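Taking it in order: structure first as structure tokens, then the write-up.
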2 protein chains.
Amino acid sequence: MRTSQYILATLKETPSDAEIISHQLMLRAGMIRKLASGLYTWLPSGLKVLRNVEKVVREEMDKAGAIEMLMPVIQPADLWQESGRWDQFGPELLRISDRNNRPFALGPTHEEVITDFVRKEINSYKQLPITLYQVQTKVRDEVRPRFGVMRAREFTMKDAYSFHLSEDCLSATYERMHQAYCNIFERLGLDYRPVIADTGSIGGSVSHEFHVLAESGEDAIAFSDGSDYAANIEKAEALAPTETRAEASKALNTFATPEASTIEQLKAKHGVKPHRGVKTIIVYGAADEDEQRGLVALVVRGDHSLNELKAQAHELVHAPLELAKEADIIAAIGAKPGSLGPVGLNIPVIVDHSAAIMADFVAGANKDGEHYSGVNWDRDVTDFTVADIRNVVEGDPSPCGKGVLQIKRGVEVGHIFQLGTKYSESMNAGVLGESGKNQMLTMGCYGIGVSRIVAAAIEQNNDDYGIKWPTALAPFTLAIVPMNMHKSHRIPDIADNLYTQFKAAGIDVLFDDRKERPGVMFNDMELLGVPYTLVIGERNLDNNQVELKNRRTGEKLMLDIDQAVTEICNAINGN
Amino acid sequence: MRTSQYILATLKETPSDAEIISHQLMLRAGMIRKLASGLYTWLPSGLKVLRNVEKVVREEMDKAGAIEMLMPVIQPADLWQESGRWDQFGPELLRISDRNNRPFALGPTHEEVITDFVRKEINSYKQLPITLYQVQTKVRDEVRPRFGVMRAREFTMKDAYSFHLSEDCLSATYERMHQAYCNIFERLGLDYRPVIADTGSIGGSVSHEFHVLAESGEDAIAFSDGSDYAANIEKAEALAPTETRAEASKALNTFATPEASTIEQLKAKHGVKPHRGVKTIIVYGAADEDEQRGLVALVVRGDHSLNELKAQAHELVHAPLELAKEADIIAAIGAKPGSLGPVGLNIPVIVDHSAAIMADFVAGANKDGEHYSGVNWDRDVTDFTVADIRNVVEGDPSPCGKGVLQIKRGVEVGHIFQLGTKYSESMNAGVLGESGKNQMLTMGCYGIGVSRIVAAAIEQNNDDYGIKWPTALAPFTLAIVPMNMHKSHRIPDIADNLYTQFKAAGIDVLFDDRKERPGVMFNDMELLGVPYTLVIGERNLDNNQVELKNRRTGEKLMLDIDQAVTEICNAINGN
């Protein structure tokens with residue numbers, strides 16, 4: 001491709017509305033443009049990267065035995081009503097009406113459509129197991145679309161669905177998909193982690209997320225330095241400490257804390273070390289037989305944070321977790337948040353393992369502007385339950401038993417689920433089993449955020465000059481940059497000739513034939529992240545040489561012009 | 001691919017709701033399934049055919065210098081308001097609202113979005129001309145979705161847009177696109193015609209449609225037997241006859257026609273030959289200065305039909321053409337449709353060329369239940385205009401001057417337009433011209449109905465047994481059908497071995513490894529339209545032979561098993 005016949009559309013300035021680096025660089029490199037909030041046009045170079053991702057995804061899915069099909073973007077409401085998600089899904093499900101006022105949704109996912117398809121088309125156990133997938137446009141009407149294609153309203157996903165007659169069969173396919181996902185991210189050249197994950201609104205039991213590691217990632221993931229263990233922090237178990245609690249050595253005392261309602265303020269104004277105090281959070285409890293919800297106190301160590309998923313999984317707590325309203329707290333306890341503590345409460349108290357081994361600690365006195373020091377469990381608080389309700393922190397022992405946890409940030413680019421019979425039961429999807437009886441289908445689903453991968457890859461691969469694509473993702477593998485071509489007699493022919501040779505060798509080459517200053521051209525190629533740039537300049541030509549620059553390593557190499565094509569092809573093809 | 005690990009989903013019965021053969025066969029062959037009215041899921045074999053079309057389309061577009069990009073399906077309303085089409089487009093434009101009640105449309109086409117893109121990104125004449133394209137999902141909320149993917153509500157289109165500074169430059173790209181379209185349909189192995197077409201709601205001046213010829217086609221196209229001339233019948237010019245009018249030889253007489261209000265009834269009950277009578281159609285006239293619309297009479301020969309596009313293009317006629325209401329006709333003329341004629345009217349009369357050379361003809365007497373015989377122009381009707389307002393018929397001289405017209409039916413699969421400045425003017429899309437002044441862009445647009453091609457190809461390529469794919473479109477090139485494999489000692493190994501060899505040779509092969517009777521397997525492969533089937537049976541193996549069947553020619557060939565792979569690969573690759 002010649003830049004003169006291409007839309008490069010690079011920008012010198014960083015657009016002010018782009019917060020994260022991948023969004024900035026995708027705009028600056030001319031990969032995408034915003035059409036409306038959360039809606040992006042893919043420019044030619046951006047689309048090439050997207051297609052590179054799709055290609056690898058398809059090849060690995062095919063290799064794993066999945067079969068590609070294509071379901072509509074527009075889905076009839078009745079299927080969503082049947083599964084129950086028409087009501088469960090919030091406004092992220094973009095609901096529309098056709099000219100006859102019939103309700104439809106723009107699909108954010110296709111569990112309903114595929115389950116409907118399979119219950120109609122698959123009738124016998126002989127046709128199972130089967131894994132079907134598609135690469136399709138998805139729509140989610142995000143409350144706050146942002147970060148470019150990272151959280152867009154219209155985006156490309158690969159979604160796969162597998163159907164089985166047994167949990168064992170599902171597990172086997174799940175493992176194969178897990179491996180296919182690893183192959184995909186490996187081939188794309190990304191630093192990634194599969195992590196144990198929560199199943200969220202999709203449902204099911206076992207689930208893994210795949211994260212591309214990047215400091216800007218929205219998710220925190222915990223992984224062991226001594227094993228393969230990795231989990232989304234919302235799912236990572238905090239082991240109960242092996243230490244036993246020290247004996248109580250201090251008496252219970254109140255002290256005035258009029259201007260200290262947070263752990264930070266207690267530290268600043270009263271010298272209380274965070275790990276010597278506790279946080280008490282009041283939430284609503286699980287409804288009783290009369291549908292009444294009381295309050296529950298959750299207690300974690302001052303330097304720890306509450307894990308909402310763990311807390312709401314406790315039988316005493318209402319799910320989804322809901323912080324109690326201030327009025328309800330005052331009515332029940334007599335104090336406002338900021339001075340709450342476990343002493344003397346007449347509501348259930350759930351204490352995190354780490355908080356439960358503290359002695360002589362500080363807690364709110366349940367009186368505005370007052371705290372207790374010298375609090376001790378059993379002596380001062382007699383009725384409480386102990387559970388894992390906090391987020392893990394770096395240095396915690398790994399729940400696998402080996403090593404300690406580290407925490408990194410990641411961008412979720414894939415998510416696989418063992419759904420079980422959630423959809424097949426609500427939608428009555430069964431087949432004739434070997435015994436001649438109808439058997440409910442067991443299901444798995446496997447998603448990859450194809451367009452999001454493009455952004456995640458940039459988050460992980462960039463520097464001050466722009467994008468540093470792994471070769472498998474790059475929009476072009478090689479750029480030819482002739483310096484001051486229009487002033488030279490020999491450069492145009494040489495550049496043209498090399499361009500022709502690289503094209504013939506099957507290299508995806510961008511020939512920068514613009515009448516621009518060399519600096520402008522170098523900047524554009526670096527911004528665009530082309531892995532190799534071949535520079536043709538008068539001075540080097542005097543020695544019959546051209547220069548090859550490696551975008552990722554920064555390495556520069558002088559090549560004899562006669563050897564250039566062969567050597568560069570070898571370098572690119574990894575020979 | 002092994003059928004045992006695939007979804008073949010063939011049906012023995014023809015689904016009752018499928019009217020045309022392509023719809024029936026796509027359902028029976030397991031290529032598509034209906035999700036809801038006008039919404040179809042593409043099954044694996046159907047998707048492969050769709051991808052085959054996409055591949056050829058992309059390759060030819062790239063070769064013609066067009067650059068691929070991807071615009072969102074969801075488009076903001078404000079762009080459509082700017083172009084004026086938000087109001088012009090009927091309910092086919094599926095309008096939606098997001099969670100904040102902002103209006104959007106699901107794109108039936110992308111002129112607005114691309115024009116908006118180009119006005120922002122292309123600033124200088126140096127970046128022109130440019131042709132951009134995408135292969136994208138389109139949505140049209142059809143009033144009557146039907147014929148499967150032939151007229152669906154969600155479908156795949158390739159749409160391209162070119163931008164220029166002059167009409168000449170546009171013409172040159174238009175010609176290149178015209179050629180690219182010919183290459184595409186040629187490579188797909190389809191019998192097609194580019195025809196002169198109307199520009200319809202897209203707008204512009206010059207336009208061609210590309211039709212795949214098929215008896216079931218919705219469009220009639222006229223083409224010369226003596227030249228390349230071809231036009232959609234709505235656009236084909238009927239030349240004025242060279243014969244002069246005969247002298248009047250009969251007197252004007254009325255005769256009672258109480259039960260004859262149509263040309264057919266006049267023939268049946270009164271022996272009037274259709275070409276000896278005229279049809280008189282009353283429509284509304286163009287509005288006058290006071291916005292009043294009178295009536296206009298349109299007269300064509302009895303065996304001809306009115307061409308609405310030609311009629312509404314006449315300066316006296318209101319566009320779009322609207323038949324006058326019966327009450328208005330009675331008020332102005334005193335008779336109901338069925339007894340109308342040109343004699344004694346006090347409204348403008350437009351007479352088709354062929355009707356204008358008639359003498360002594362029959363026409364309604366403008367009195368219910370009466371007709372005139374012996375009507376003659378000038379003598380009985382003095383005030384009238386002559387124009388081309390009829391559809392051409394077979395045998396008409398070709399407007400190109402060479403040969404006579406034939407009429408065939410076609411399925412429109414492509415449409416290209418010279419739009420001119422329609423969108424660039426309404427949306428103010430200009431660039432800095434060479435002179436330093438702002439210059440309005442001139443635009444072309446070029447569409448191909450990618451998913452519709454699949455159906456059109458089947459309309460043209462089928463027999464009683466199923467689909468007969470041209471090789472470029474086929475979901476699989478070769479089927480291996482081992483007969484009674486599970487009863488044989490040697491067939492499984494031989495079949496497996498051949499399957500492996502064909503795969504290694506890059507042939508897209510379907511190995512029918514089901515435990516089915518040979519008849520079932522043959523029927524499925526014929527229905528699916530696989531171009532070649534390799535049959536492996538005990539009897540032929542005794543002679544070390546296998547049988548190759550050609551789906552299109554019906555030819556059967558015995559091959560030595562050792563030579564089979566080489567010979568079949570040669571046949572497939574056309575060596």
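Letters go in sequence order (proteins before strands), and every chain restarts at 1. Computed from a predicted structure; not experimentally measured.
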Fill in: Side chain proximity check, B:Arg58 to B:Glu54, heavy atoms < 4.5 angstrom
yes
Response to the item:
Applying a strict 4.5 Å limit to non-hydrogen atoms, the region of A:Leu94 in contact with chain B is side chain
Fill in: Under 4.5 Å from a heavy atom of chain A, the part of B:Val139 involved
side chain
Practice prompt. With a 4.5 Å cut-off on heavy-atom pairs, point out which of A:Gln75, A:Gln136, A:Arg51 contacts chain B the most.
Written response: A:Arg51
Discussion item. Under a 3.5 Å distance rule, please check whether A:Arg95 uses its side chain to pair with a backbone N or O of A:Trp86 as donor and acceptor.
Written reply: yes
Worksheet entry | Contacting moiety of A:Leu70, where chain B heavy atoms sit under 4.5 Å | both
Fill in: Residue selection (most heavy-atom pairs with chain A, distance under 4.5 Å) from B:Gln134, B:Met1, B:Glu92, B:Glu68
B:Glu68
Practice prompt. Among the options B:Asp62, B:Ile96, B:Leu79, pick out the one with the most heavy-atom pairs lying under 4.5 Å from chain A.
Written response: B:Ile96
Worksheet item: Are A:Asp159 and A:Tyr133 side-chain neighbours, meaning at least one heavy-atom pair lies under 4.5 Å?
Response: no
Item to complete: Using the side-chain hydrogen bond (donor to acceptor under 3.5 Å, both in side chains) rule, pick out the option among B:Glu82, B:Glu111, B:Arg85, B:Glu112 that qualifies with B:Tyr423.
Response: B:Arg85
Fill in: chain A contact via B:Ser45 - which portion, at a heavy-atom distance below 4.5 Å
neither
Fill in: Sorted by number, residues from residues 115-128 of chain A in contact with chain B (heavy atoms, under 4.5 Å)
A:Asp116, A:Phe117, A:Glu121, A:Ile122
Fill in: Heavy-atom contact with chain B under 4.5 Å, split by part of A:Val73
both
Item to complete: With the side chain counted from C-beta on, respond yes when B:Arg33 and B:Tyr40 share a heavy-atom pair under 4.5 Å apart, and no when they do not.
Response: no
Item to complete: Hey, can you tell me if B:Phe89 and B:Trp80 have their rings parallel, tilted or perpendicular (30° and 60° cut-offs)?
Response: perpendicular
Worksheet item: Looking at B:Pro76, B:Pro72, B:Gly65, B:Ser97, which one has more heavy-atom pairs under 4.5 Å with chain A than the rest?
Response: B:Pro72
Discussion item. I'd like to know whether the aromatic ring centres of A:Phe476 and A:Tyr6 sit less than 6.0 Å apart in this structure.
Written reply: yes
Worksheet item: Is there side-chain contact between B:Arg452 and B:Arg151, with heavy atoms separated by less than 4.5 Å?
Response: yes
Worksheet item: Is it the side chain or the backbone of B:Ile32 that comes within 4.5 Å of chain A heavy atoms, both, or neither?
Response: neither
Fill in: Check: B:Phe155 and B:Met150 side chains under 4.5 Å, non-hydrogen atoms
no
Worksheet, complete the sentence: Ranking A:Met69, A:Met71, A:Glu154 by heavy-atom pairs under 4.5 Å to chain B gives rank one to A:Glu154
Discussion item. Does any backbone or side-chain atom of B:Ile74 lie under 4.5 Å from a heavy atom of chain A? Answer side chain, backbone, both or neither.
Written reply: both
Discussion item. Would the distance check show the side chain of A:Asp98 and the main-chain N or O of A:Asn100 forming a donor-acceptor pair, the cut-off being under 3.5 Å?
Written reply: yes
Worksheet item: Would a 4.5 Å heavy-atom cut-off, applied to side chains only, mark B:Val450 and B:Leu50 as touching?
Response: yes
Discussion item. Test your reading of the model: is there a side-chain donor-acceptor pair from A:Arg28 to the backbone of A:Leu11, 3.5 Å cut-off?
Written reply: yes
Worksheet item: Non-hydrogen atoms of chain B under 4.5 Å away: do they reach the side chain of A:Ile130, the backbone, both or neither?
Response: side chain
